[in-house]
Amino acid sequence: MPERPTERTGARRPGRVAAPRAGGEGPSGPPAASPPGRRALDPARFLEGLNPAQREAVVHGDGPLLVVAGAGSGKTTVLTNRIGYLIAERGMDPDRILAITFTNKAAREMKRRLASSLGPVAADMWVSTFHSACARMLRPYADRIGLPRSFTILQEDDCRRLLRDVTDDLGFDAKQLSVGGTKALISAAKNRLVGPRQSVVETNDARASARARIYAEYQQRMRRSGNVDFDDLLFDTVTLLRDHSDVLAHYQQRFDTVLVDEYQDTNRAQSALVELLVAGHRNLCCVGDGDQSIYGFRAADVGNILHFAETFPGTRTIVLDRNYRSTGTILDAANAVIANNDLRPEKNLWTDAGVGRQICVREADDGDDEAAWIADQADTLLKKGAKPGDIAVLCRAKAVARPIEAELVRRGIPSRTVGGIPFFERREVKDLLAYLRMVVNRDDELSFRRCVNVPKRAVGDSSIKKLRSFARSYALSIGQALDRRHEIDDLPSQAREGLDAFADLLDAAGSAAVAGGPAAALDVVLGDGAYLRELVAAARDAEEAQYREESVEQFLAIASDHSSIEEVVEMASLVTADDEDDDGSRVLLMTIHASKGLEFPHVFVPAMEEGIFPDRRCTEGAELEEERRLAYVAITRARRGLYLSHARQRRVLDQVRRPERSRFLDEIPTDLVDAMDQPMAASEHGVDRFATLKAQLGL
DNA sequence: GCGCAGATAGTTTTT
DNA sequence: CTATCTGCGC
């Protein structure tokens, strides 16, 4: 049976004790056997094994609390233990705690830990990403801001498709106004809480003002079809709370305390949301590290955390700078690199874990040589007893990972690229999702266009165009136009029949969903097998056909796990990362961004070259500092071994380049680096040392 | 309205 | 290099 890509909360799993670090755990009986009821919780449990600073953060009472938590300083422990302590010691109602994380993965991990220390009550807590929390708060009141409550959330590529349409329809040249650029501009505007109107006012140059007009039209069409994009979730929720004091009051009273993880990565919209929610009681605990702010490109504002105490007067600030993760050498390197940034928090990570071994820096001939070297090193580590899951390759950009993965595959080293092809981005899954969306929200024009003729129903582009222009001339949504299709006279009869069949199918799927849930609705959609036949026919080979069929099966399995179509659709929109379990059996390849919050015994960072890392567009000012923070994040993922590499020659965009080694490499003190500046194999495994020496001597 | 082939543009990082 | 788009013939 194929592994399901998602998993719901681990609340029902038998729990382990939330292990406080630093092995001071007595033999005081295993609570694992029966998760304790709330009454039975002993607050002291949440302080066990914590250092003084961590303890202080856990027991802090009312009022704003900022925990500046360096990498590997036990911040997740502090956050979860604080929640446990609030419940156990202060009798706080789990149902009235809002904990916000940045990624689904982090949310899941926190839920898991809470479930194991608190038992079933943990399931009542709101532990979610900003985007999920917003969707949840927004939906019941969506009509207040002119959105149907059945609004659906658009994926990135749907947004782009819509933007392309808008760009064309307004008569702009897509070559001069790239969709990507426009999307970035709109996204930045929304994240700074700038609406279309203000955006038009703010611009002066021609290109930006064209984009502002596109923004306005894009927004209008989104509304008309009952859609929101990711950024709208934040923007609209803030608007809702700002403009509707009764709703604001409701949510302010709903939550007794709010906790936010990774606060350095919040943007203006997110911090505004938090400020609104806690304005009454000011019970807010934010955790973060300015040095790990790596989402500036997504409008994150480090200022949110750097100026936290000014925004919330009376803030208690606690710095966690004792690192429990890495060796002294790795920390020294990280500290040395980040010290080159101007704007940063007051802190320096330290450890008493010992120096550890030196950092290995390898200069490779080219990308292939680099990949071979990494595979060699990984192989050696495995032979010495490391598990594949102890090793991670962290890349600045996804493209860098490809040749490395290929090499690992060639060598038979099990590996997995995290975030490769997300499940919900697969074509067949998107097709089926479009059907579900249409059942929930018939006005969703993009979904309509996606599935109306899949499988073929003789409703081609020109028929869709007629339907759209009919809709436009009567100010109807696409769903209303569909329902009044008989009033359109110039539709070919085949298309007419196709639309009839389509509308009937949606109705049938809708009733099936009411009776038997989302899986039943999908059964109706898949009904006569036409879709599957087409899917298989379109596949290049048998392998692809099977892969696609499996996707459909998996999607059915996911659907049958949910009680309503709405739930499936929302989950699919919000869960983006692929959630396969890491069972430690594979070397992981991922972007540095994706690695935040994780740790590995051995970390490789390839392509440490000017132009790639730092990226060629980010070589000065604030952008360079963000690149440097990224390097800091990468380095601090490593527990024991750190392997940095660069190549003298690299093919980028099919061009051969000869990049300089990254300045970040030169910011690491040379005494921390393997003395020979040669393959790790040299010092670590005697065999290769002679070969290297001989090569150097020209023998 | 459909399907194929060739062109083509796009590549930082993600909820 | 590769997913997506355009244009052409059917």
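Below, read A as the first sequence line, B as the second, and so on, with proteins coming before strands; counting in each chain starts at 1. Note that the coordinates shown come from a computational prediction; the quantities given were computed from them, not determined experimentally.
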Which value, rounded to the nearest 0.5 Å, describes the distance between A/Ser463 atom OG and A/Arg485 atom CZ?
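One finds 13.0 Å between OG of A/Ser463 and CZ of A/Arg485.
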Got a second to check how far A/Leu665's CG is from A/Glu610's CD, nearest 0.5 Å?
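Here the rounded value is 9.5 Å.
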Could you state the atom-to-atom distance from [atom1] of [X] to [atom2] of [N] in whole Å?
X	N	atom1	atom2	result
A/Lys190	B/dT14	NZ	C1'	16 Å
A/Lys398	B/dG10	NZ	P	17 Å
A/His593	B/dT13	NE2	C1'	4 Å
A/Lys430	C/dA3	NZ	P	15 Å
A/Glu156	B/dT15	CD	P	11 Å
A/Glu627	B/dT13	CD	P	11 Å
A/Lys183	B/dT11	NZ	P	13 Å
A/Leu138	B/dT15	CG	P	20 Å

Going through the distances and angles, do A/Ser187 and A/Asn191 end up as a side-chain contact (heavy atoms from CB on, under 4.5 Å)?
CA-CA 6 Å; A/Ser187 186; A/Asn191 287 322; 3.6 Å; yes
Quick one: which protein N/O atoms are closer than 3.5 Å to N/O atoms of nucleotides 2-4 of chain B? Pair and distance per line, please.
| residue | atom | partner | partner atom | Å |
| --- | --- | --- | --- | --- |
| B/dC2 | OP2 | A/Asn453 | ND2 | 3.1 |
| B/dG3 | OP2 | A/Lys456 | NZ | 3.4 |

May I ask you to check whether A/Phe664 and A/Tyr632 place their ring centres under 6.0 Å from each other?
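Between A/Phe664 and A/Tyr632, which both carry aromatic rings, the centre distance is not below 6.0 Å.
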Residue-level proximity of residues 125-134 of chain A to DNA chain B when a heavy atom falls under 4.0 Å:
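Those residues whose heavy atoms fall under 4.0 Å from DNA chain B, taken from residues 125-134 of chain A in numerical order, are A/Thr129, A/His131.
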Specify the residue among A/Ala594 and A/Arg616 whose closest nucleotide of DNA chain B lies further upstream toward the 5′ end.
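Closest to the 5' end, via its nearest nucleotide, is A/Arg616.
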Let me spell it out: for each of A/Asp615 and A/Leu234, pick the nucleotide of DNA chain B with the closest heavy atom. Which residue's pick is nearer the 5' end?
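This one resolves to A/Asp615.
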Which sits closer to the 5' end of DNA chain C, A/Arg427 or A/Arg402, going by the nucleotide each is nearest to?
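Between the two, 5'-proximity favours A/Arg402.
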Side chains of A/Asp444 and A/Ser225: donor-acceptor distance under 3.5 Å anywhere?
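A/Asp444 vs A/Ser225: no donor-acceptor pair found between side chains.
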Regarding A/Ser551 and A/Glu428, do their side chains bring together a donor and an acceptor under 3.5 Å, going by distance alone?
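Result is yes, a qualifying pair exists.
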Would you tabulate the pairs of protein nitrogen or oxygen atoms and nucleotide nitrogen or oxygen atoms of nucleotides 5-10 of chain C closer than 3.5 angstrom?
| residue | atom | partner | partner atom | Å |
| --- | --- | --- | --- | --- |
| C/dC5 | OP1 | A/Arg164 | NH2 | 3.2 |

Which nucleotide sits closest to the side chain of A/Thr103: B/dG10, B/dT13, B/dT15?
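Of B/dG10, B/dT13, B/dT15, B/dT15 is nearest to the side chain of A/Thr103.
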Go through B/dT14, B/dT15, B/dT11 for me and flag the one nearest to the A/Arg160 side chain.
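Comparing B/dT14, B/dT15, B/dT11 against the side chain of A/Arg160, the answer is B/dT11.
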Cation-pi check, A/Arg298 onto A/Tyr295 ring (under 6.0 Å, within 45° of axis)
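Verdict for A/Tyr295: a cation-pi partner in A/Arg298.
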Output, in order, the C-alpha distance, side-chain angles, deciding distance and verdict of side-chain contact (heavy atoms from CB on, under 4.5 Å) for A/Asp157 and A/Lys430.
CA-CA 11 Å; A/Asp157 59 343; A/Lys430 294 210 69 165; 2.6 Å; yes
Kindly give the heavy-atom pair with the smallest separation between A/Thr619 and A/Arg663, and that separation in Å.
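Smallest heavy-atom distance, with atoms named: O-NH1, 3.6 Å.
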Who passes side chain to side chain contact (heavy atoms under 4.5 Å, CB included) against A/Tyr251, sequence neighbours left out?
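For A/Tyr251, the residues satisfying side chain to side chain contact (heavy atoms under 4.5 Å, CB included) (neighbours in sequence not counted) are A/Met137, A/Pro140, A/Tyr141, A/Leu241, A/Val247, A/Arg254, A/Phe255, A/Leu277.
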Under the side chain to side chain contact (heavy atoms under 4.5 Å, CB included) test, which residues partner A/Phe130, sequence neighbours left out?
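Scan of A/Phe130 (side chain to side chain contact (heavy atoms under 4.5 Å, CB included), adjacent residues dropped) gives A/Ile100, A/Phe102, A/Leu234, A/Val260, A/Thr266, A/Gln270, A/Leu273, A/Val274.
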P atom, B/dT11 versus C/dT6: distance in rounded Å?
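Here B/dT11 and C/dT6 have their P atoms 16 Å from each other.
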A/Glu667: what forms a side-chain hydrogen bond (donor to acceptor under 3.5 Å, both in side chains) with it, not counting sequence neighbours?
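For A/Glu667, the residues satisfying side-chain hydrogen bond (donor to acceptor under 3.5 Å, both in side chains) (neighbours in sequence not counted) are A/Asn340, A/Arg628.
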